[in-house]
Amino acid sequence: MKDLRLCSVHSLYCLCFIVLVIVIQALESASVTVPSSSCYALDNSSRLVDFSSWIGQPFEYEGKDNTDLVVQFCKDVQKRSQTGYVDFGRFNKFNYFTAGSGHANFIQEFYNGDLANCELTYDKLGRTARVNVICGNCLNGQCKGGRGCVCNVTYESDCRVVIDLAIPCEKPGPRVFEGFTVGLHPRSWEIVYNGMTQLGFEKSHQDYSFSTEQTHVTLYMTAVASVSTLVRKSIVQVLPEKGLEVRLSGSGATGSPPTTLSPTMLIVDWRCQEVRDTPYEVNITIPIEGYEPVQFFLAKVCAHKQDQGEDFKQGWAIFGVLSCVFFVSSTLFCCAGFIYKTRVEHLRGIDALPGMTIVSACLEIASGEGNGYTRAEDLNSGYSRAEASWEQSSSSVQGTPKPSEKNYGSI
């Protein structure tokens with residue numbers, strides 16, 4: 001029996017140690033932060049590849065008739081000749097930088113080039129270009145080593161050009177959980193977008209912070225339904241550890257899978273126990289199975305201490321406001337009903353009050369027939385019925401002889 005107890009205690013210690021290791025690994029693992037520029041892409045294994053250092057790098061290709069084609073990486077594509085420049089599209093903030101297939105590792109799309117003689121293109125985008133980025137060397141053996149070169153240029157039309165560009169690609173970064181968002185509203189993603197923490201929430205020190213009076217914050221999480229079950233329970237860490245009490249609740253704290261149609265809510269309840277000049281840092285980590293965890297920071301200002309009584313005061317204040325609204329609306333309803341019944345239905349007195357018909361019916365049912373509230377016309381009809389019955393009874397008395405009377409003939 002003693003050995004069984006020792007085994008159970010030992011297994012409990014092992015379980016606690018495993019849970020502690022998982023938590024520490026989740027907190028120490030690097031989160032994925034969106035790059036500072038739009039010159040990045042996710043490869044076919046959902047790993048982040050940042051090309052921010054390549055922005056504006058020129059790659060020239062000498063064509064026929066003294067015509068050169070210049071690709072400025074993540075900027076634009078130009079066709080240069082003695083007659084001038086022709087723009088074949090620009091790289092914009094919508095990040096048309098995606099993973100490729102076949103011989104191309106990545107694909108860049110350039111839109112909104114010159115419109116001259118290309119006014120009838122799709123959606124009036126003008127001249128467009130597509131750059132197939134090849135990591136390494138060209139297929140034809142050109143530009144081995146160095147910073148890369150243009151392998152081939154194909155003009156599909158006067159308004160469309162396809163370019164093969166070989167460069168030494170950057171080393172892939174962490175694996176991103178695509179399609180995952182965290183926002184302050186059900187259909188927003190201010191904090192996390194496409195699995196990457198947005199700028200302003202990736203650091204422990206940020207300019208924006210929540211006020212002391214805001215006792216809770218609701219965060220909405222969404223993910224692609226097919227992989228939503230990979231989202232695990234959230235982990236919270238406060239810096240400094242003492243002075244701010246933080247609790248997580250809601251469906252997001254229990255590990256419910258979020259989807260785009262039914263977002264899960266992660267409610268952050270925090271209460272200031274100590275006053276601090278600088279904001280408290282709340283680090284929230286959302287582990288993702290098989291991917292890098294999603295991590296972001298929130299800041300909380302504590303200008304004064306907070307106790308449990310503030311919630312009760314706030315609840316009574318809400319109750320008082322609702323009571324005032326109900327009283328005012330009821331008064332207006334009664335006044336409007338009284339005016340309507342006096343002017344339209346031509347009722348007077350207590351009959352013109354709204355709801356008297358219902359009250360009369362209820363009293364009549366509760367007290368029995370004939371004991372309820374009666375209207376003025378009902379009273380008049382009662383008098384007439386009483387008078388008729390009295391006349392009828394008196395006539396019947398006169399016409400019926402009494403048994404004690406004697407008849408001695410007629411005069």
Side-chain angles (χ1 to χ4, degrees), residues 26-59 71-77 89-101 104-112 129-136 147-148 163 165-184 188-208 219 221-224 227 230-231 281 283-288 290-299:
L27 292 175
E28 291 182 351
S29 57
S31 61
V32 183
T33 304
V34 62
S36 57
S37 69
S38 59
C39 189
Y40 69 90
L42 300 178
D43 61 11
N44 292 322
S45 60
S46 299
R47 293 190 175 274
L48 177 64
V49 183
D50 190 3
F51 291 93
S52 297
S53 60
W54 289 81
I55 297 178
Q57 287 286 341
F59 299 93
V71 177
Q72 296 188 99
F73 201 86
C74 283
K75 190 174 181 181
D76 60 9
V77 176
R90 293 179 293 274
F91 191 82
N92 54 27
K93 61 181 180 181
F94 292 104
N95 192 10
Y96 294 107
F97 202 168
T98 59
S101 60
N105 299 98
F106 301 97
I107 296 175
Q108 285 185 351
E109 293 287 347
F110 297 81
Y111 297 105
N112 300 317
R130 172 178 174 176
V131 177
N132 297 322
V133 180
I134 303 171
C135 294
R147 63 182 184 89
I163 305 164
L165 175 65
I167 61 172
C169 293
E170 299 290 337
K171 184 179 179 181
R175 195 180 183 194
V176 179
F177 187 55
E178 296 185 68
F180 183 74
T181 64
V182 178
L184 301 175
S188 64
W189 42 79
E190 301 93 345
I191 301 176
V192 177
Y193 176 70
N194 200 25
M196 292 177 285
T197 305
Q198 300 301 294
L199 299 177
F201 296 93
E202 85 288 356
K203 299 179 181 179
S204 57
H205 299 281
Q206 53 179 311
D207 298 331
Y208 176 75
L219 306 177
M221 301 186 298
T222 62
V224 181
V227 292
L230 301 178
V231 181
E281 302 165 3
N283 179 13
I284 298 178
T285 303
I286 305 174
I288 311 294
Y291 295 85
E292 298 296 331
V294 175
Q295 183 180 10
F296 54 90
F297 288 84
L298 303 177

Got a second to check how far Asp43's CG is from Thr98's OG1, nearest 0.5 Å? 11.5 Å

Pairwise side-chain contact, Phe201 with Val192, heavy-atom cut-off 4.5 Å (strictly under): no

Inter-residue atom distance Trp189.CH2 - Thr222.OG1, 0.5 Å rounding: 8.0 Å

Here's one to test your reading of the geometry: is the NZ or CZ of Arg130 within 45 degrees of the ring axis of Tyr96 and under 6.0 Å from its centre? no

What are the two closest non-hydrogen atoms of Asn105 and Cys135, and how far apart are they? OD1-N, 2.8 Å

List the atom of Pro35, the atom of Asp50, and the distance in Å for their closest heavy-atom pair. CB-OD2, 3.8 Å

Quick one: OG on Ser38 to CZ on Phe91, what's the gap to the nearest 0.5 Å? 5.0 Å

Let me confirm one number: the CD1-CG distance from Ile191 to Leu184, rounded to the nearest 0.5 Å. 4.5 Å

Name all residues meeting the side-chain hydrogen bond (donor to acceptor under 3.5 Å, both in side chains) criterion together with Thr197; count only those two or more places apart in sequence or in a different chain, and write none if there are none. none

Check whether any side-chain heavy atom of Leu230 lies under 4.5 Å from a side-chain heavy atom of Phe180, and answer yes or no. no

Closest non-hydrogen atoms of Lys203 and Phe297, given as atom of the first, atom of the second and distance, are O-CB, 3.1 Å

Expected output: side-chain Glu178 to main-chain Ser46 donor-acceptor under 3.5 Å: no

Write down the atom of Ala104, the atom of Asn132, and the distance for their closest heavy-atom approach. CB-CB, 3.7 Å

Do Leu199 and Val34 touch side chain to side chain, with heavy atoms closer than 4.5 Å? yes

Using a 4.5 Å cut-off on heavy atoms from C-beta on, say whether the side chain of Gln57 contacts that of Ile167. no

Using the side-chain hydrogen bond (donor to acceptor under 3.5 Å, both in side chains) criterion, which residues pair with Asp76? Sequence neighbours excluded. Gln72, Gln78

Would you sort out whether Val131 and Phe73 count as a side-chain contact (heavy atoms from CB on, under 4.5 Å), showing the intermediate values? CA-CA 9 Å; Val131 177; Phe73 201 86; 5.9 Å; no

Anything under 30° is parallel, anything over 60° is perpendicular, the rest tilted; go ahead and classify Phe106 against Phe97. perpendicular

Can you tell if the side chain of Gln108 reaches within under 4.5 Å of the side chain of Leu165, non-hydrogen atoms only? no

Search all heavy atoms of Ile55 against all heavy atoms of Cys74 and return the closest pair with its distance. CG1-CB, 4.3 Å

Would you tabulate the side-chain donor-acceptor contacts of residues 168-177 under 3.5 Å, counting partners in other chains and residues two or more places apart, or write 'none'?
residue: Glu170; atom: OE2; partner: Trp54; partner atom: NE1; Å: 2.9
residue: Arg175; atom: NE; partner: Ser45; partner atom: O; Å: 3.3
residue: Arg175; atom: NH1; partner: Gly290; partner atom: O; Å: 3.2

Looking only at heavy atoms, which two atoms of Glu202 and Thr33 are closest? And how far apart? CB-CG2, 3.5 Å

Criterion side-chain contact (heavy atoms from CB on, under 4.5 Å) on Leu42 and Val49, from CA distance to verdict: CA-CA 6 Å; Leu42 300 178; Val49 183; over 6 Å; no

Take Leu48 and Met196, measure what side-chain contact (heavy atoms from CB on, under 4.5 Å) needs, and give me the verdict at the end. CA-CA 10 Å; Leu48 177 64; Met196 292 177 285; 4.2 Å; yes

